[in-house]
Amino acid sequence: MNAKPSPATASSEKTGTSGRTGTASPLALYRTMTTIRAFEETVQRLFLGGHIPGLVHLYMGQEAVATGVCSVLEKTDMIGSHHRGHGHCVAKGGDLLKLFAELLGKRDGYGLGRGGSMHIFDPENGNLGTTGIVGGSVPLAAGAALTMKLRKTGAVAVSFFGDGVLNQGIMFEAMNMAAIWNLPVLFVCENNGFGEYTSIDDVTAGEDIADRGKAFAIPTEHVDGMDVLAMQAAAKRAVERARAGEGPSFLICSTWRYSGHHIADKQDYKEDEETKAWRERDPINQLARSLVKDKAATQAELDAVAEESRAKVAAAAEAARKLPSPTADDLMEYLYAE
Amino acid sequence: MNAKPSPATASSEKTGTSGRTGTASPLALYRTMTTIRAFEETVQRLFLGGHIPGLVHLYMGQEAVATGVCSVLEKTDMIGSHHRGHGHCVAKGGDLLKLFAELLGKRDGYGLGRGGSMHIFDPENGNLGTTGIVGGSVPLAAGAALTMKLRKTGAVAVSFFGDGVLNQGIMFEAMNMAAIWNLPVLFVCENNGFGEYTSIDDVTAGEDIADRGKAFAIPTEHVDGMDVLAMQAAAKRAVERARAGEGPSFLICSTWRYSGHHIADKQDYKEDEETKAWRERDPINQLARSLVKDKAATQAELDAVAEESRAKVAAAAEAARKLPSPTADDLMEYLYAE
Amino acid sequence: MPSDRQPGFKELTVKDAILEALFEEMARDDRVCIIGEDVGVAGGVFGQTKGLFEKFGVDRVVDTPISEPAIFGMTVGAAMAGLRPVVEIMFGDFITLVMDQLVNQAAKIHYMSAGGYTVPLVLRTAVGVGGNLGPQHSQSFHAWAAHVPGLKVVMPQSAADAKGMMKAAIRDNNPVVFIEDRTTYNVKGPVPDGDVTVPLGKANVVREGRDVTIVAVSRMVQIALKAAGILAADGIEAEVVDPRTIMPLDRETILASVRKTSRALVLDAGHMDYGVTGEIASLISEHAFDYLDAPVMRLAAPQVPIPCNAALEPLVVPNEQQIVGKIRAMLNA
Amino acid sequence: MPSDRQPGFKELTVKDAILEALFEEMARDDRVCIIGEDVGVAGGVFGQTKGLFEKFGVDRVVDTPISEPAIFGMTVGAAMAGLRPVVEIMFGDFITLVMDQLVNQAAKIHYMSAGGYTVPLVLRTAVGVGGNLGPQHSQSFHAWAAHVPGLKVVMPQSAADAKGMMKAAIRDNNPVVFIEDRTTYNVKGPVPDGDVTVPLGKANVVREGRDVTIVAVSRMVQIALKAAGILAADGIEAEVVDPRTIMPLDRETILASVRKTSRALVLDAGHMDYGVTGEIASLISEHAFDYLDAPVMRLAAPQVPIPCNAALEPLVVPNEQQIVGKIRAMLNA
Ligand SMILES: Cc1ncc(C[n+]2csc(CCOP(=O)(O)OP(=O)(O)O)c2C)c(N)n1
Ligand SMILES: Cc1ncc(C[n+]2csc(CCOP(=O)(O)OP(=O)(O)O)c2C)c(N)n1
Ligand SMILES: [Mg+2]
Ligand SMILES: [Mg+2]
């Protein structure tokens, strides 16, 4: 397959906001994206400073995907995240303090500080969890959609997954069942061109990723994953279809992971020029330029929002660092439910 | 999906032999198909007489698929079969006596009489085995093709599987790898419209099964699975491509299981009319009509071949029944290889 | 077994007892759904879900494609979102296909989410050696499931337990692996009328005796009882303990019995090595050490694939003669 | 350990020792291929296949998609057709994804085909608790694999064993599950030069002692040796037995040791319940019953998911203090 996304061919810069209104305003999107960015920059600092244990994968560069999709979701809608999942947690309304607490291994984290980056669950906001198993959350989201359908709750579910999942059998199985049962679920592939150190093109057959959706007659779209407004518009269409009982959708979002596979990745296999080209299309800057051009906001307003995001994140991180760690008494807690 | 095969829409009766020559002659195909038919009728009798233990699924009605495909294979080519696998075993050159011995639980069977219908392995003829796991042999055949490719043996592998496998994740995974590595493998789906008691249409999403092949850009064809000459021609094209290093193919063969899911199946869920219509298109009779029409054989010649087939089968079954069963000493044999 | 109340009883097979539990629980709680291959219109390949589809309809009884990994994975997500699914994996051999979602998701989500989510589902599956179904349709990996923190593993053998424990499993807020030995499906027994549950995690002394304790899992209970009958003719009184739930295991009931009898034999129909018998035998050997008059012995399926052959298949199921032999040896030791 | 010949030695880490085995075996036999995720160009996520791609090329070192079930299933078919693959499943937690093909195909094809096919493959996987990789990257299901007839299960802990057993595993004609504790990857040890294999199925007495036998699996050997050092200061001499292969298990070496010392402690880094320790402890309790002066004891990971937390993670790994405590209790009993 020739599916590694290219910054040159993506369509975004021409995109304006007109004709596409989502649930959240562009300024709200800007706020969410800058929050995620600040969050991830902070995580990176904390990790390199030795404060965050375990395996951490950063979402920087992909902010538009989680932000655009979650901007059209209700609190009762559910999402399945993956190993690069902080962005989804934030975008779905996660509490910054609890998120930092979890990453830092503090008892006040979402999972008592026992889960860490790859195991963050936020039931209050319908987050079915980040996961360490590539493809592992796809059936979780599809299954949540099964409940929504059978129980007629009116909610929808979203499965976020990387391009690496495009070759996991369980994705195909879940798509097939979503299609035959007309489940209210969005399959959102975040195609950043790599799974660990391997290019999508080397391991993914076919002419077009969209053909994987077509195999199940699932409405499928390519979306510019660096353009949050495009993401929001596509997600809105898909969510509306799902709520109307018209079944699943598949969004294929081209994007880029700025910081490589994991936080300590040296990225020898990625050409610098390429990353530079992607950074030109940075989702945050792009939205800013578009808003300023359309006179929907001034640069000063945007800078103020970004500054607020950074401040909120910094305060949460700071507060989280002071929280206590779990103790031996917490080891066995919640092994079984009552 | 609307993919339950229909006898009316299949294209076969017009098919002649001209312009399509496989490795085996039409008369050889007739011989193989009548052998399989006689084999299965005998198995059915023996099973109902209480002589065959375990779970048995008959291939009657599907003879053209195994026969047509295997007619273009060499002995060194390999096939993966499934739970409805006697036809593949015969068509790939299996010894009738050893096959009956295995089914009857005799020590001279392919697996010491310990495997039975769903676990028949014939390494001499490149048969990777029937299997009790739906979809289980797909990666085996694809993996054999990986060896053929890496070791440049010039052989090809064939994976036979039922329509039920179209929703097993491992099939998609194997197809993807076959495609990216250009493996010499044929994926042959025997679409008989049902998986156990469930119609393909109720559980299989998409507009066309072929889209599952298209997702991986695998050359895909619908073939009339009741027309052995069509099967042979399609398989020949695919095998030639594979041997030429052009990679995998996917053949979707419409066919029908005359005797239901398993040998004791009462088939309430199948309309009799439907089965009757399929029997009109019986692969053996069809080939006979076509050969007689084309003056390639007389009915008397064909009857003689069929009679020989029946006689050979009867003799093998008779001889197999007299063979000894394994004893307690055989229980632990071949647990580990030396 | 019914405890305080004294309801009437009726004779049911194990299979029908479970089916009755499903009917009752589905009527009681509309979040309970049945999901699996051919469980709906066809009523199950063993008839084990017969009539549910007709009674509860397509939104409660879901026929699936042949896609075990995602079928199971989706029931996990469905349970997180509020359903209480009973998902069927047709044969125990096929749970090999769902281990990732069972272990990496279902078993730990409650733990990882610090109680934020519960995963109330029942994975039911049919195991058992019989009828020559062969090496890929006769295995039981209950030892695997019991090894995984966060799962409960239930193995009833009587009709009453089967019904009562299925009801308890459905009401449990944890993922419960419910293992049915299909060779017990047609075994009949008295089942109390009404809404009687049997608690998970409680063993049952199915026969009292003073000379030796037989700890027998699932179907092995029935074979142990036959052996006990043979031994009784010789004046040897075996106590038969049925753990019923192997995780969590009711250690106390087992240990109390062995402390009384001073001898123990552990029986399981799964493979011997690294299986259920090793765990239970080692527990007894450690915690009843000072009471033991003989080494704790074990009988289980030998370490070999289950042959599809009428002459060989019986060799992989521990039988009453082997049990009697072991116990005689123990008593003579 | 080198036997008759007296070659030179060099210091290698466990990881490099295995890598050296791969280099040597691939050079020796061109049917040996490496297959897995990021094993080629990237040289493995731990550097465990570094340089193989450059040396042997794309036809011998195959980078795969993320498709564990079919990756593994295809190596089974590849092995049946004449390849001798070493297939890597990156983390032990992910072998949950390949259990169907491992159990229902790889383990039984030789048996089912009555010797017609062999399945000479090595499934290597990294396990281990350390570095806070959390509940889905720290598990080890070696007990599962050892429960399945037809598989061999190898768990080396020293560099010399790691190299010699990888060579032996590659030459073995059976499916071998080769379990590497990644916390041992950087442990150094002397490795004999040259083509030295270590036979599968042979235990090793890594420390002799008269007072108690510690049977320790994989990484636990290293912790047992530390504990033995502490005990020696008190004049207690522990014998440490490393089974090295848990299936087939070298029962005789273990039993001979216990018959000498009269006491045994069994250690494993996997979960305790229905795991490896139960099997080995119950074997000892049964077959060395008359020699035992104290109950056989066990230490293993508690029955809880492995937390991703620096304060809690150490609590799930048996440590030398716990070992010392158990042994003191045993000797005082
Ligand atoms: C089942 C499974 N296989 C392998 C891995 C190791 N692994 C972690 S991330 C990753 C790559 C995933 O790629 P992709 O889905 O594209 O996500 P990205 O990291 O690019 O966001 C792999 C192979 C895993 N965690 N789970
Ligand atoms: C993994 C697995 N799941 C379920 C089954 C039970 N089963 C046996 S045959 C069958 C139907 C297979 O349908 P199909 O592939 O269309 O083959 P057919 O029987 O129609 O030839 C099922 C579900 C099985 N054997 N293996
Ligand atoms: Mg990616
Ligand atoms: Mg079918």
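Since the structure is predicted, the reported quantities are computational estimates derived from the model, not experimental observations. Atoms considered below: every heavy atom in the structure, side chains included; atoms not considered: hydrogens, waters and symmetry mates.
- Neither the backbone nor the side chain of C/I284 comes within less than 4.5 Å of any heavy atom of chain D.
- A 6.0 Å sphere centred on NZ of D/K260 holds more than 12 heavy atoms belonging to other residues, nucleotides or ligands.
- Summarising the geometry, atom CD belonging to C/Q303 is positioned 4.5 Å from atom CE belonging to D/M247; distances are rounded to the nearest 0.5 Å.
- For D/I246, the parts lying near chain C are the backbone and the side chain together; criterion is any non-hydrogen pair under 4.5 Å.
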side-chain contact (heavy atoms from CB on, under 4.5 Å) between C/W144 and D/M99, worked out: CA-CA 11 Å; C/W144 289 8; D/M99 295 318 289; 3.4 Å; yes
From CA spacing to verdict: side-chain contact (heavy atoms from CB on, under 4.5 Å), D/H271, C/V148: CA-CA 8 Å; D/H271 291 296; C/V148 179; over 6 Å; no
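- Proximity to chain C is limited to the side chain of D/Q139, based on heavy atoms less than 4.5 angstrom apart.
- With a threshold of 4.5 angstrom between heavy atoms, C/V296 approaches chain D through N, CA, C or O but not through any side-chain atom.
- Both the backbone and the side chain of D/Y274 have a heavy atom closer than 4.5 Å to some heavy atom of chain C.
- Heavy atoms closer than 4.5 Å to chain D are found in the side chain of C/M112, but not in its backbone.
- Among C/A143, C/P149, C/A288, C/G278, the residue with the largest count of heavy-atom pairs under 4.5 Å with chain D is C/P149.
- Here the straight-line distance linking atom CG of D/L283 with atom CZ of C/R298 works out to 5.0 Å at 0.5 Å rounding.
- Annotation: maximal heavy-atom pairing with chain D below 4.5 Å, among C/H287, C/Q101, C/M297, C/Q105, occurs at C/M297.
- The backbone N or O of C/N104 lies less than 3.5 Å from no partner atom in the side chain of D/D93, so there is not a single donor-acceptor pair.
- Atom CG of D/L97 is separated from atom OG1 of C/T96 by 11.5 Å, given to the nearest 0.5 angstrom.
- From D/D273, atom CG reaches atom CD1 of C/I280 across 10.5 Å, with rounding to the nearest 0.5 Å.
- Of all heavy-atom pairs spanning D/A294 and C/F289, the tightest one is C-CZ, 3.4 Å.
- The minimum heavy-atom distance linking C/E279 with D/G275 is given by the pair OE1-N, 4.1 Å.
- Proximity to chain C is absent for every atom of D/L102, based on heavy atoms less than 4.5 angstrom apart.
- Of the listed residues C/G134, C/A281, C/A146, the one with more heavy-atom pairs under 4.5 angstrom with chain D than any other is C/A146.
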